[in-house]
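Quick note: numbers below take in every heavy atom, side chains included, and nothing from hydrogens, waters or symmetry partners.
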Amino acid sequence: MADIPARMLRDAILSDDLRAFITTAGGAFTQEQIDRLNRAGVRFWGSEGIPPEFTRRYRLGREAALHPLKRAHYLPQIKVIRLLQSAVPTHIIHEIAHAWDHVRNRTPQPSRQMRRMFNLYLPRVRGNNMLPFYSVYQGYSTRSPWEFYAEGYTVFHHPTHPNEQQQLRLLRYAPELYDFLSGEVSGLPTPNRPYLQRLRIQ
């Protein structure tokens, strides 16, 4: 489990529960990943506004009012992860995955490789009327390559509540992303592929 540096939590008004959930979410990432996010300036914030140093150059729009079902949101323009009090580790992992995707690619735009994987995934799900894989946001993996990656990462690496059915859907419908996540970082628990291959999608 990666330790979340204090710098990523500085000045944020967060409950003890949220701080504990952030710590739990850190279990889905290596220390190297978290340290790289920290060096890039990624930080957490509550649902009230944004850090004061950004108010002159960034104005919140629709994301100012986080929907209760969304619970968390990553703002790539200022590298801030905003959290509602109701956020749980799954939401937080999803948003850290967005931040990681951004920092790793040096742009919030999805890579050509991720766009290709996403374009292979969509017809498999929609053409066969299959339920897409998801973590907490049902249908999000079909919205864009950006969400496809974050949902896949959360399903693949959840440290406390791995969902075998969602991991199986990821393997069956997006095997390219499954293989990518298998080799992206080392030192994290990964799903048991032979076991998943014996399961049936329910």
Side-chain angles (χ1 to χ4, degrees), residues 1-55 58 60 63-64 66-108 110 134-137 140 146-163 166-167 180-191:
M1 176 181 292
D3 292 327
I4 305 297
R7 183 171 177 266
M8 293 180 71
L9 300 166
R10 67 190 183 281
D11 302 326
I13 300 175
L14 302 168
S15 69
D16 290 343
D17 284 345
L18 267 183
R19 290 176 181 271
F21 288 156
I22 291 170
T23 297
T24 299
F29 300 86
T30 65
Q31 194 63 54
E32 181 180 355
Q33 286 175 289
I34 294 298
D35 289 345
R36 187 168 170 184
L37 294 178
N38 183 37
R39 291 194 300 270
V42 174
R43 62 194 288 193
F44 295 93
W45 200 254
S47 60
E48 297 298 323
I50 57 176
E53 59 265 38
F54 298 121
T55 55
Y58 182 80
L60 283 172
E63 67 272 25
L66 288 176
H67 191 281
L69 293 180
K70 188 74 167 71
R71 303 190 190 182
H73 186 68
Y74 175 62
L75 303 175
Q77 300 90 336
I78 54 176
K79 296 179 181 172
V80 168
I81 298 171
R82 298 177 70 230
L83 303 174
L84 281 180
Q85 179 56 42
S86 56
V88 297
T90 304
H91 303 108
I92 300 169
I93 294 167
H94 178 101
E95 302 307 327
I96 298 176
H98 277 317
W100 167 246
D101 197 26
H102 176 191
V103 170
R104 174 173 53 85
N105 291 324
R106 300 182 181 180
T107 173
Y134 69 96
S135 56
V136 290
Y137 305 130
Y140 256 51
W146 174 254
E147 298 296 348
F148 171 70
Y149 173 79
E151 283 288 80
Y153 191 103
T154 307
V155 165
F156 192 88
H157 285 303
H158 203 297
T160 58
H161 294 89
N163 186 313
Q166 299 308 325
Q167 291 175 343
F180 177 86
L181 292 166
S182 295
E184 182 182 21
V185 294
S186 59
L188 291 174
T190 60

All salt bridge (Lys or Arg N to Asp or Glu O under 4.0 Å) counterparts of Glu32, not counting sequence neighbours: none
Whether Tyr149 and Phe180 hold their rings parallel, tilted or perpendicular, with breakpoints at 30° and 60°: perpendicular
Of all pairs that satisfy salt bridge (Lys or Arg N to Asp or Glu O under 4.0 Å), the ones with a partner from residues 15-29, not counting sequence neighbours: none
Atom pair CD1 (Ile96) and NE2 (His91), whose distance is rounded to the nearest 0.5 Å: 13.0 Å
Check: Ile93 and Phe29 side chains under 4.5 Å, non-hydrogen atoms: yes
Check: Tyr74 main-chain N/O paired with Glu95 side-chain donor or acceptor under 3.5 Å: yes
Asp11 side, atom CG; Phe44 side, atom CZ - distance, nearest 0.5 Å: 15.0 Å
Residue of the set Arg71, His161, His158 for which side-chain hydrogen bond (donor to acceptor under 3.5 Å, both in side chains) holds with Thr90: His158
pair Leu83-Ile22: side-chain heavy atoms closer than 4.5 Å: yes
Close side-chain approach of Ile4 and Ile34, heavy atoms under 4.5 Å: yes
Main-chain N/O of Ala28 paired to Tyr153 side chain as donor or acceptor, under 3.5 Å: yes
Minimum heavy-atom distance between Tyr140 and Glu147, given as atom pair plus value: O-CB, 3.1 Å
Least distance between heavy atoms, Val88 atom then Phe21 atom: CA-CD1, 4.0 Å
Closest approach of Pro51 to Arg43 (non-hydrogen atoms, all atoms of both residues): CB-NH1, 3.7 Å
For the student: nearest non-hydrogen atoms of Gln167 and Val155, plus distance: NE2-O, 3.2 Å
Derivation of the ring pair (Phe, Tyr, Trp, His ring centres under 6.0 Å) call for His94 and His98: CA-CA 7 Å; His94 178 101; His98 277 317; 4.7 Å; yes
ring-ring contact (aromatic ring centres under 6.0 Å, His included) partners of Phe156, counting only residues at least two apart: Tyr178
Nearest heavy-atom neighbours spanning Thr24 and Pro159: O-CG, 3.6 Å
Spatial distance of atom CG (Asn163) from atom OG1 (Thr154) [nearest 0.5 Å]: 12.0 Å
Minimum-distance pair of heavy atoms, taken over all atoms of Ile50 and Arg82: CG2-CD, 4.4 Å
